[in-house]
Participant: 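Encoded as structure tokens, here's the structure I'll be asking about.
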Amino acid sequence: MSFSHKILDWYHTHKRELPWRETRDPYKIWLSEIMLQQTRVAQGMPYYHRFLEAFPMVHDLAEAQEEKVLKLWQGLGYYSRARNLHATAKMVVEQFGGKFPHTYKELKSLKGVGDYTASAIASFCFDVPEPVVDGNVYRVLARYFGVDLPINSPSGIKYFKELAREVMDAEQIRDYNQGIMEFGAIQCAPKKPYCLLCPLNEGCVALKENKVDSLPIKNNKTKVRVRHFNYLVYLDIHNNTLLEQRKGKGIWQNLYQFPLVESEKEMNPDEMEHYLKSEGNPQLLDMAIPYNPDPIIHKLSHQHLHTKFWIVKTSDILEEGTAWEEVTQFPVPVLIADFIRTLKI
DNA sequence: AATCCGGGGGC
DNA sequence: GCCCCAGGATT
């Protein structure tokens, strides 16, 4: 039996029932695919249901305020996905008459839709014979066929895409694509796959050559940048505080946060007092009290954010401020949301 | 080709 | 602590 038929056989026996597998509605498929980029099914699932409840159709999403989209996306990370999601919904409504395009090329022109996602939507919704190559597929192909090219090098990416196309089942592309990804997620898992009962163990090169633990090969370890964040949590006598929206490039674009002072190293109360005076803030007579004397280390893929929250009880009236009871309505990073949750006023 | 972009879970 | 997760965009 061929590679693809073994995958299909395994899939029909072992597949999980997932909501986006019960439909061919491109809106739902697209939504699930964007959410599942670099995200586990279990993490994305509740977001998928909340989005469909809030935005049943692509028109609803297109008409929404970006802030509402970001708020629903809060906690899922990679927030450019949410901004691109919103932009693409508008694009589909305005340029494609509310219908998702059917071709790989047109799908790939949508914001946030790359090679993998375009192939996924085209094959799942419209039976277009395009192979998907995600992290699961890289692992299955690298092990079964013994490919030692780095999966994140241009030559490796090209090679795996061509290999995926050669071994796919074009006649059953929907189930085959779902199947090889599911096989990678469940059977050919990253760590300690149970090769003894794998239906593909007979022809598996990695198993034969004892390379299961070393394939696939991936280079370029990410190096982490350490940053020091100081958030100024202003509170006036009415319990109003100040929020600002992050603009420009970098992390958390368009999300909200407290006024931020970034420093080269950890700041102590004297340094903070000096800073506030030097900035000529009107609350120079007020005190900034560290809420957490030991910095919270919030870890992102490329950054470790050593963060102190400073409570600044000001005698000013924050006319432009936000009532504390309303801060939970803004889209904020998890770092901020966790703090808001723990602070008792 | 290299880097950036989140947060969570498993071991 | 390290790796991975239904990747994509930018430089």
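Because the structure is a prediction, the values reported are computed rather than measured. So that the names make sense, note that chain A is the first sequence line, chain B the second, and so on, each numbered from 1. No hydrogens, no waters, no symmetry mates; every other heavy atom, side chains included, goes into these values.
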Participant: Which nucleotides of nucleotides 4-11 of chain C have their base under 4.0 Å from a protein heavy atom (B), which only their sugar-phosphate (S), and which neither (-), written as one string 5' to 3'?
Facilitator: BBBBSS-S
Participant: Can we say A/D9 and A/K6 salt-bridge, meaning some charged N sits less than 4.0 Å from an Asp/Glu carboxylate O?
Facilitator: no
Participant: Please, which pairs that meet ring-ring contact (aromatic ring centres under 6.0 Å, His included) have at least one residue in residues 115-136 of chain A, sequence neighbours excluded?
Facilitator: A/H102-A/F126
Participant: Could you state the atom-to-atom distance from CZ of A/R225 to C1' of B/dT3 in whole Å?
Facilitator: 11 Å
Participant: In whole Å, I'd like the distance from the CG atom of A/D213 to the P atom of B/dC11.
Facilitator: 15 Å
Participant: Any pair with a residue in residues 137-158 of chain A that passes ring-ring contact (aromatic ring centres under 6.0 Å, His included), sequence neighbours left out, goes on the list, sorted by first then second residue, please.
Facilitator: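 Only A/F3-A/Y144, A/F3-A/F145, A/Y138-A/F160 qualify under ring-ring contact (aromatic ring centres under 6.0 Å, His included).
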Participant: Can you confirm if the NZ or CZ of A/R81 lies within 45° of the ring axis of A/Y78 and under 6.0 Å from the centre of its six-membered ring?
Facilitator: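 No, A/R81 does not lie over the aromatic ring of A/Y78.
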Participant: Quick one: is A/W73 getting a side-chain N or O under 4.0 Å of the B/dC5 phosphate, OP1 or OP2?
Facilitator: no
Participant: What's the NZ-C1' distance between A/K299 and B/dC4, to the nearest Å?
Facilitator: 19 Å
Participant: Could I get the full list of ring-ring contact (aromatic ring centres under 6.0 Å, His included) partners for A/H306, not counting sequence neighbours?
Facilitator: A/H228
Participant: May I ask you to evaluate whether A/H298 reaches the phosphate of B/dG7, defined as a side-chain N or O under 4.0 Å from OP1 or OP2?
Facilitator: yes
Participant: So, A/N268 versus A/D270: side-chain donor-acceptor pair below 3.5 Å or not?
Facilitator: no
Participant: For DNA chain B, what string of dots and brackets results from 5' to 3' when Watson-Crick and G-U pairs need both distances under 3.5 Å, crossing pairs get [ ], and pairs with another strand get |?
Facilitator: |||||.|||||
Participant: What is the separation between atom CD on A/Q303 and atom C1' on B/dT3, rounded to the nearest whole Å?
Facilitator: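 So the CD-C1' distance, A/Q303 to B/dT3, works out to 12 Å.
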Participant: So, using side-chain hydrogen bond (donor to acceptor under 3.5 Å, both in side chains) as the criterion, who are the partners of A/R174 when residues are at least two apart?
Facilitator: none
Participant: Please report, rounded to the nearest Å, how far the P atom of B/dG9 is from the CG atom of A/L76.
Facilitator: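 In whole Å, B/dG9 P lies 12 Å from A/L76 CG.
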